[in-house]
Structures are given as C-alpha cells and as structure tokens.
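Numbers for residues simply follow the sequence, beginning at 1.
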Amino acid sequence: QVQLVESGGGLVQPGGSLRLSCAASASGSIFSIHYMGWYRQAPGKQRELVAGTSRGDSTDYADSAKGRFTISRNNAKNMVYLQMNSLKPEDTAVYYCNAKGSILLKGNFDSWGQGTQVTVSS
C-alpha cells in the first residue's frame with residue numbers, strides 16, 4: 001500500500017496562513033500517483049473536498065477555498081501541498097491528504113493520511 005504522511009497543521013489566528021504538506025511512499029513498491037487532494041472534516045460534519053490536483057496539473061477547489069487556498073504538487077518527490085491564506089474560524093477541521101493511483105503489479109490504490117488538525121482561533 002501507499003502511505004501518506006501529513007504535516008503543517010496547527011493553531012493560527014484568523015487572517016493567518018498555514019502550509020500543509022503530504023508525502024507519499026510505498027516501501028519496496030513502484031507506484032504512480034494520478035490524483036492528490038486535500039479533504040477536511042469538522043466536528044459533526046461530513047468529510048469534504050478542499051482542493052485536488054491531477055497529474056496533468058489540473059486543479060479543483062471547493063467554493064470556500066477559491067481565492068484563498070492553493071494546491072500544488074511535486075511529482076518527483078510524490079508530495080502535495082496546500083497553502084492556506086486568509087484563514088477563517090470556519091476553516092477549523094482535521095485536514096486529510098488523499099492519493100489515488102496504481103502500484104506496479106498490484107493494481108490501483110486509494111490511500112488516506114492520518115489527518116492533521118488545523119485550528120483557526122483568536
């Protein structure tokens with residue numbers, strides 16, 4: 001399987017910025033990532049897409065993220081980033097990294113990270 005490890009969450013004041021990072025790895029396997037995305041889940045709410053990017057560099061954003069968040073990826077390092085600016089209290093949630101792709105000789109994968117907490121509060 002492909003493991004995802006997120007980092008960069010924390011506590012920030014309204015209007016502040018954070019940058020989340022997610023690294024994908026699979027010990028002993030050759031894999032290709034087709035899609036990487038960031039989702040979030042606030043208490044009592046369903047998990048929702050924040051931003052996603054395909055290998056061809058196309059991107060997709062939730063309406064709430066447009067103009068404030070930027071997703072980017074480094075294909076050579078199998079990493080994806082989420083730059084979050086102008087953060088609002090309603091952005092408070094656990095943010096999860098997701099990756100979809102294929103593993104040589106094993107088939108497709110759809111992996112999730114363990115999540116990183118983002119808290120926006122004064």
Side-chain angles (χ1 to χ4, degrees):
Q1 269 293 357
V2 174
Q3 290 80 41
L4 304 178
V5 177
E6 302 112 331
S7 61
L11 173 64
V12 63
Q13 292 186 342
S17 299
L18 280 176
R19 186 183 190 228
L20 305 182
S21 300
C22 173
S25 64
S27 179
S29 296
I30 298 173
F31 63 97
S32 176
I33 299 175
H34 307 149
Y35 171 89
M36 297 190 85
W38 288 96
Y39 291 72
R40 68 186 181 188
Q41 188 167 18
K45 295 187 177 181
Q46 288 189 330
R47 190 174 297 187
E48 62 178 4
L49 174 69
V50 177
T53 177
S54 299
R55 193 170 181 86
D57 290 334
S58 64
T59 57
D60 187 31
Y61 292 92
D63 288 343
S64 59
K66 290 178 181 176
R68 300 188 299 128
F69 296 0
T70 302
I71 189 170
S72 61
R73 63 189 282 181
N74 183 323
N75 292 325
K77 295 184 177 181
N78 292 318
M79 293 192 70
V80 66
Y81 310 93
L82 185 68
Q83 178 66 44
M84 303 186 292
N85 299 327
S86 303
L87 283 162
K88 305 174 182 180
E90 50 264 43
D91 294 317
T92 296
V94 178
Y95 284 69
Y96 296 91
C97 177
N98 173 250
K100 298 179 177 63
S102 58
I103 302 174
L104 184 64
L105 302 179
K106 295 184 179 180
N108 296 331
F109 71 88
D110 184 350
S111 296
W112 292 87
Q114 80 286 354
T116 184
Q117 177 70 45
V118 171
T119 303
V120 184
S121 175
S122 55

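Side-chain contact, Ser64 with Arg40: a donor N or O sits under 3.5 Å from an acceptor N or O. Ser17 and Asn85 form a side-chain donor-acceptor contact under 3.5 Å, judged by distance and modelled atom types alone.
Neither Ile33 nor Met79 shares a network with the other; the hydrophobic side chains, linked directly or stepwise wherever heavy atoms of I, L, V, M, F, W or Y lie under 4.5 Å apart, form separate groups for each. Under a hydrophobic clustering in which Ile, Leu, Val, Met, Phe, Trp and Tyr are joined whenever their side-chain heavy atoms come within less than 4.5 Å, directly or via other members, Phe69 and Val80 fall into the same cluster.
For Lys88 and Asp91, the salt-bridge test fails: no basic side-chain N is under 4.0 Å from an acidic carboxylate O.
A donor-acceptor contact shorter than 3.5 Å is absent between the side chain of Arg47 and the backbone of Gln41. Judged by distance alone, the side chain of Thr92 and the main-chain N or O of Pro89 form a donor-acceptor pair under 3.5 Å. Side chain of Asn98 to main chain of Asp110: no donor-acceptor pair is present (N/O by atom type, distance under 3.5 Å, no hydrogens or angles). For the pair Thr116 (side chain) and Ser7 (backbone), a donor-acceptor distance under 3.5 Å is absent. Side chain of Thr53 to backbone of Ser72: no donor-acceptor contact under 3.5 angstrom is found.
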Criterion side-chain contact (heavy atoms from CB on, under 4.5 Å) on Tyr39 and Tyr95, from CA distance to verdict: CA-CA 6 Å; Tyr39 291 72; Tyr95 284 69; over 6 Å; no
Can you list the steps and then say if Thr119 with Val12 is a side-chain contact (heavy atoms from CB on, under 4.5 Å)? CA-CA 6 Å; Thr119 303; Val12 63; over 6 Å; no
Determine, stepwise, if the pair Trp38 / Ile71 fulfils side-chain contact (heavy atoms from CB on, under 4.5 Å). CA-CA 8 Å; Trp38 288 96; Ile71 189 170; 3.8 Å; yes
Intermediate values then yes/no, side-chain contact (heavy atoms from CB on, under 4.5 Å), Leu20 and Tyr81: CA-CA 5 Å; Leu20 305 182; Tyr81 310 93; over 6 Å; no
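Between Arg68 and Lys66 there is no side-chain heavy-atom pair separated by less than 4.5 Å. Residues Leu18 and Leu87 meet the side-chain proximity criterion, which asks for heavy atoms closer than 4.5 Å. Looking at Glu6 and Gln114, their side chains come closer than 4.5 Å, going by heavy atoms from C-beta outward. Side-chain contact between Ser102 and His34: present, with at least one pair of heavy atoms (C-beta onward) separated by less than 4.5 Å. Here the side chains of Tyr61 and Leu49 are not in contact, with every heavy-atom distance at 4.5 Å or above.
The 12-atom threshold is not exceeded at CD of Gln46, counting heavy atoms of other residues, nucleotides or ligands nearer than 6.0 Å. Within 6.0 Å of CD1 in Ile30 there are 12 or fewer heavy atoms belonging to other residues, nucleotides or ligands.
Interatomic distance, CG of Asn75 versus CE of Met36, reported as 9.0 Å (0.5 Å rounding).
When every heavy atom of Gln3 is checked against every heavy atom of Ser27, the shortest pair comes out as OE1-N, 4.4 Å. Among all heavy-atom pairs drawn from Leu4 and Ala24, the shortest one is CD2-CB, 3.4 Å. Closest of all the heavy-atom pairs between Tyr35 and Ala51 is OH-O, 4.3 Å. Smallest separation of non-hydrogen atoms from Val118 and Gly9: CG2-CA, 4.2 Å. The two atoms that bring Ala93 and Ala42 nearest to each other are CB-N, 3.8 Å, heavy atoms only. When all heavy atoms are compared, the tightest approach of Ser122 to Pro14 is N-CD, 3.7 Å.
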